[in-house]
Each structure stands twice: as C-alpha cells, then as structure tokens.
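All remarks here apply to the structure that follows.
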Amino acid sequence: MLTWCTNSNLLRAQSTKKKMAHTTLVQYLQEVSGALTTADGDHLAELVSYRHAHIQNPRLQLENAEAKCRQWIDEPVDEVIAAHLRLLWAAARTDYAEAYSCQAAALQAFLKFFQSLKDDNWPLPVIYTLILDLRTFAKWADKQQAHSKSRLGGQVAGGSKPDEKLEKATDLLMNCFRACVSDTRSSLDTTKRWGTLPIVNHLVKIYFQVNKVHLCKPLFRAIQQSQLKDTFKISHRVTYKYYLGRKAMFDGDYKQATEDLRFAFQHCLKTSKKNKRLVLIYLVPVQMLQGYLPSMAVLQKYSLPQFMDIVTAVRQGNLLLLNGALVKHREFFIRMGIYLILERLKTIIYRNLFKKVHLLLNTHQIPVSALLVALTMMQIEDVDQDETQCIVANLIDKGYIRGYISFQHQKLVVSKGNAFPVLSSFL
C-alpha cells in the first residue's frame with residue numbers, strides 16, 4: 001500500500017510538471033483566478049512559488065505582464081502575479097537583484113490583499129511562500145553582488161554593503177508580522193495570528209545570519225506572551241526553540257539553552273538527520289559546560305567527529321588535547337559560532353586535571369608545586385606558582401573545588417568529603 005501511494009504521488013508530481021511545462025499564460029492566470037475564487041491558499045502558494053514546476057515554462061517568463069494580469073485578476077493580486085512573472089524572466093537571466101525587487105513588490109502587493117480580508121486567514125500559505133522566496137533571492141542577490149565586487153577589485157556602484165538585500169527584507173517581514181499579530185478580534189480558527197511564529201522564524205534566521213541577534217529579543221518576547229505559543233505546528237515550534245536555545249547560549253543562560261535545544265532535538269523528525277545534527281552542534285557544548293558529556297556513538301551517528309577529541313579532553317582533564325582540537329577544527333567552530341563557548345571548557349578541564357593529581361597523591365593537602373607540574377605537562381606557556389594559585393583560587397570561587405589555599409605552606413587543602421563536587425550539582 002505504501003509503495004502504491006508513493007508511486008501515485010510520483011506520477012501526480014510528474015503529471016503536474018508536464019502540465020505546467022506546456023501551459024499557456026491564459027491557462028496559468030485562470031488557475032490563479034480559480035484559486036482566489038475558491039480561497040485555496042495552498043494552491044495559490046504553489047502558483048507563486050519559485051519551487052514549483054511552472055517556473056521552467058518560458059511562456060511564463062515575461063518582462064511585462066501587467067496588462068494581461070489585469071484582464072483576469074482583480075487588484076491588488078494582479079500586481080503580485082505580474083511581479084512574479086517578471087521575477088521568472090529576471091531569474092532566467094540570472095539577474096537576481098531584479099528578481100529580488102520583483103519578489104519584494106509581490107510580497108508588498110499581496111500584503112495589501114491579506115490585510116483587506118476580515119476574519120479570514122486562508123492566504124497564510126501564500127505569505128509563507130512569498131517570504132521564503134524573498135529570503136532566497138535576497139541571499140542570491142547579495143552573493144551575486146559580492147562576486148561582482150570582488151571581480152571589480154572592491155568597487156561596486158552605490159557603495160552597497162554585504163547582506164544589504166537580506167537586511168532590507170526584514171522590513172517587509174516585520175510588516176507581515178505586524179499584520180498578523182494585530183489581528184486580535186478574529187476567532188481562533190480564522191485569526192491571522194497563526195502566522196506570527198512562522199514569520200518570526202524567518203526574521204530570526206536573517207538576524208542570526210547578519211549578526212544582529214539582539215533584534216531577536218522583542219520577537220521572542222512576543223511569541224512567549226502569545227496564547228498560541230504551545231499550539232503552533234510542531235515544525236514551527238522546533239525551529240523557534242532551536243533559535244531560542246542558541247540565543248540563550250550566547251547570553252550565557254546554559255540551563256535555558258539546554259531546555260530549548262533539547263526540545264528541538266527530541267521533536268525534530270527522526271528522518272531529519274541533518275537538522276538533528278545542526279541542533280547537536282549547539283546542544284553538545286552547552287551540555288558539556290554543565291558536566292554532561294555525549295557518547296562517542298552519538299557523535300559518530302550524527303557525523304560530528306569535531307567534538308570527539310574535545311569530549312575525551314574534558315573527560316581526561318587533558319588541556320593539551322583540547323587545545324589541539326580547537327586548532328584543528330578552528331574554522332568549523334568559528335563558522336558555527338561556538339569557538340568561544342568551547343574555550344570555556346578549560347575551566348572544567350583544569351578541575352578534572354587537578355582532581356587526577358588529588359587522586360594520584362591520595363591526600364587532602366596537595367602541594368601547589370604538584371599542580372604546577374601537571375600544568376607544565378599540558379605545555380601551558382609561562383605558567384608559574386603564582387598563576388597556578390590564581391587558577392586554583394578561581395576554581396574554588398566558582399565551586400569546582402571545595403577547599404582553600406594555604407599560602408604559608410603553599411598547598412591546596414581540599415575537603416575530605418566530596419572535594420570535587422559533581423558539576424551538575426552546582427552548574
């Protein structure tokens with residue numbers, strides 16, 4: 001039965017692709033008009049999507065289709081379709097700056113139509129599609145612009161900056177968000193507020209990409225205060241929790257980050273191995289900072305060998321191994337934004353290293369000189385007795401070690417019971 005359904009869906013998709021490849025402009029406009037008449041948001045979303053089969057049809061790649069669109073479609077949706085057809089024309093010529101402008105115009109026009117509807121939210125799938133394609137063309141346009149700039153030796157007309165289109169796109173997305181969040185009088189079934197979380201996810205993705213994470217805070221607050229926060233589609237909630245967890249991680253709130261990232265990981269589809277891996281890239285460092293180390297099997301399953309030496313280094317108290325892993329995978333850690341987070345593991349590694357010295361000497365009075373020898377073996381440059389005492393004092397202050405330093409005898413005196421408390425008990 002599963003095979004029959006799969007084959008049936010495949011045949012249907014092939015039939016649609018073949019149909020759209022030969023459809024005329026009038027037939028396409030009739031489909032758009034029909035979707036509007038029947039309030040079929042999903043079908044209309046397909047007809048304005050750059051991921052649909054019709055984009056390959058040269059009959060629909062038109063520079064100027066305004067007059068024809070006005071014959072079949074009422075304002076302001078006729079502007080949406082005319083802009084979409086011009087986008088297909090521009091994209092076929094790889095003019096992504098023009099394609100972005102067309103997509104922005106399409107979204108602006110459709111937003112007018114969307115706001116004119118009272119007690120109705122059927123066009124939300126169209127809004128989502130237009131926003132997704134806006135992000136896509138903004139990225140392509142910025143990339144194309146950067147490529148042109150490098151070819152011209154850094155000289156680009158207008159003094160444009162990196163991610164310019166992507167940042168401009170956020171203004172349009174904020175307009176969409178306001179249109180949804182302000183709909184407070186409609187019933188639960190027809191309220192536009194169902195669109196707030198998907199739009200917030202798009203905005204947050206952009207803010208993370210352009211390094212303006214601080215702008216996420218009011219958006220997160222709006223969702224947290226929403227009565228719908230626990231009833232949005234799980235796919236949208238997973239994305240939201242992923243970014244919420246990353247924001248908490250950068251703010252140093254590791255417990256909240258763990259909670260959010262764990263939700264994203266546990267509720268992500270089992271088949272979405274790529275997405276689960278992406279969540280783990282941030283969940284693993286956060287949990288390690290709280291004393292929880294992932295198994296090698298998990299790291300191997302999700303293709304994360306970059307963390308294997310780091311986990312071993314933390315477990316063994318091996319600072320030399322940690323430094324080597326940070327150097328070896330430096331580019332990956334910096335690109336993912338976790339390099340500085342991983343450097344904080346040094347505190348835990350100092351704690352574990354000194355614990356090994358404590359177990360080796362089997363005494364609660366540990367000479368600072370013995371700790372200095374251990375640090376020297378880890379090839380820490382320019383470390384001396386005073387710096388060793390500073391490291392120990394810092395560990396005591398943060399609760400990693402229970403004890404005190406006897407400066408008179410130059411010894412670390414640790415508690416006879418539970419001198420090195422379990423990290424999860426106080427972190």
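FYI, side chains are in, hydrogens and waters are out, and symmetry mates aren't considered; it's all heavy atoms of this structure. Predicted model, so just to flag it, every value in this text is computed and none were measured.
Rounded to the nearest 0.5 angstrom, L353 CG and N318 CG are separated by 8.5 Å. Separating the CG atom in N275 from the OG1 atom in T271 is a distance of 9.0 Å, to the nearest 0.5 Å. Summarising the geometry, atom CG belonging to L124 is positioned 5.5 Å from atom SG belonging to C180; distances are rounded to the nearest 0.5 Å. To the nearest 0.5 Å, atom CE of residue M249 and atom CG of residue D251 are 10.0 Å apart. Here the straight-line distance linking atom CD1 of I81 with atom OG of S33 works out to 10.0 Å at 0.5 Å rounding. A distance of 6.5 Å separates CG in L36 from CD1 in I73, rounded to the nearest 0.5 Å.
Summarising the local packing, CZ of R335 is surrounded by more than 12 heavy atoms from other residues, nucleotides or ligands at distances under 6.0 Å. Around the CE atom of M296, the shell of radius 6.0 Å holds more than 12 heavy atoms that belong to other residues, nucleotides or ligands. When the shell of 6.0 Å around CD of E75 is examined, it contains 12 or fewer heavy atoms from other residues, nucleotides or ligands. For CD of Q209, the number of neighbouring non-hydrogen atoms (other residues, nucleotides, ligands) closer than 6.0 Å is greater than 12. Within 6.0 Å of atom CD in Q71, more than 12 heavy atoms from other residues, nucleotides or ligands are found, so the atom counts as buried in its surroundings. Heavy atoms from other residues, nucleotides or ligands lying under 6.0 Å from OH of Y292 number 12 at most. At most 12 non-hydrogen atoms from other residues, nucleotides or ligands lie less than 6.0 angstrom from NZ of K68. Atom CG of N418 is surrounded by more than 12 heavy atoms from other residues, nucleotides or ligands within 6.0 Å.
For the residue pair R135 / H202, a side-chain donor-acceptor distance below 3.5 Å is found, with atom types taken as modelled. No donor-acceptor contact under 3.5 angstrom links the side chains of N121 and T190, judged on distance only. Counting only N and O atoms by type, the side chains of Q224 and Y240 include a donor and acceptor under 3.5 Å apart. Side chains of N57 and Q61: no donor on one and acceptor on the other come within 3.5 Å.
Nearest heavy-atom pair, I405 versus Q389, reported as atom, atom and distance to 0.1 Å: CD1-O, 3.5 Å. Of all heavy-atom pairs between A169 and L134, the closest is CB-CD2, 3.8 Å. The two residues L261 and G245 make their nearest non-hydrogen contact at CG-CA, 4.0 Å. Closest approach of L107 to I131, counting heavy atoms only: CD2-CG1, 4.1 Å. Contact detail for F208 and C216: the closest heavy-atom pair is CE1-SG, 3.9 Å. Considering every non-hydrogen atom in both P123 and L117, the closest pair reads CG-CD1, 3.4 Å.
The aromatic rings of Y50 and W140 stand perpendicular to each other, their planes meeting at an angle above 60°, with 30° marking the opposite boundary. Classification of the F110-F113 ring pair by plane angle, with boundaries at 30° and 60°, yields tilted. The aromatic rings of H52 and H54 sit tilted relative to each other, their planes meeting at an angle between 30° and 60°.
The main-chain N or O of L188 is found under 3.5 Å from a side-chain atom of W194 such that the two form a donor-acceptor pair. Between the side chain of H267 and the backbone N or O of F263, at least one donor-acceptor pair lies under 3.5 Å. The backbone N or O of V314 lies less than 3.5 Å from a partner atom in the side chain of N352, making a donor-acceptor pair. Side chain of T239 to main chain of S235: a donor-acceptor pair is present (N/O by atom type, distance under 3.5 Å, no hydrogens or angles). When atom types are taken as modelled, the side chain of K356 and the backbone of G317 share no donor-acceptor pair closer than 3.5 angstrom. Side chain of S272 to backbone of C268: no donor-acceptor contact under 3.5 angstrom is found. D260 places no side-chain N or O within 3.5 Å of a backbone atom of Y243 that could act as its donor or acceptor partner. Not a single donor-acceptor pair under 3.5 Å links the side chain of E98 to the backbone N or O of L87. In this structure a side-chain-to-backbone donor-acceptor pair under 3.5 Å is missing from R402 to I396. Using a distance-only test at 3.5 Å, with no hydrogens or angles considered, a donor-acceptor pair links the side chain of T129 to the main chain of P125.
Aromatic ring centroids of F420 and F354 lie 6.0 Å or more apart.
Both the sub-6.0 Å distance and the 45° axial angle are satisfied by R330 relative to the ring of Y339. Under the 6.0 Å distance and 45° angle rule, R351 does not count as a cation-pi partner of Y400. A cation-pi arrangement is found for K276 relative to F265, the charged atom lying closer than 6.0 Å to the ring centre and inside a 45° cone about the ring normal. Both tests hold for K192 against F114: distance to the six-membered ring centre under 6.0 Å, angle to the ring axis within 45°.
Ion pairing between a basic and an acidic side chain is recognised when a charged N comes within 4.0 Å of a carboxylate O; R193 and D183 show no such pairing. Using a cut-off of 4.0 Å between Lys/Arg side-chain N and Asp/Glu carboxylate O, K212 and E167 are scored as salt-bridged. Salt bridge annotation for D133-R51: present, with a cationic side-chain nitrogen under 4.0 angstrom from a carboxylate oxygen.
Looking only at side-chain heavy atoms (C-beta outward), L283 and R246 stay at 4.5 Å or farther from each other. In this structure, the side chains of E79 and Q108 stay at 4.5 Å or more apart for every pair of heavy atoms. Side-chain contact check for D230 versus R237: some heavy-atom pair is nearer than 4.5 Å. With contacts defined as side-chain heavy-atom distances shorter than 4.5 Å, the pair I341/F333 does not qualify. In this structure the side chain of H43 reaches within 4.5 angstrom of the side chain of E31, judged on heavy atoms. At least one side-chain heavy atom of R86 sits less than 4.5 Å from a side-chain heavy atom of E63. At least one side-chain heavy atom of L44 sits less than 4.5 Å from a side-chain heavy atom of W122. Side-chain contact between T258 and Y282 is absent, with no heavy atoms from C-beta onward closer than 4.5 Å.
Results of the side chain to side chain contact (heavy atoms under 4.5 Å, CB included) test with I199 over T196, N201, L197, L203 single out L203 as the only residue that passes.
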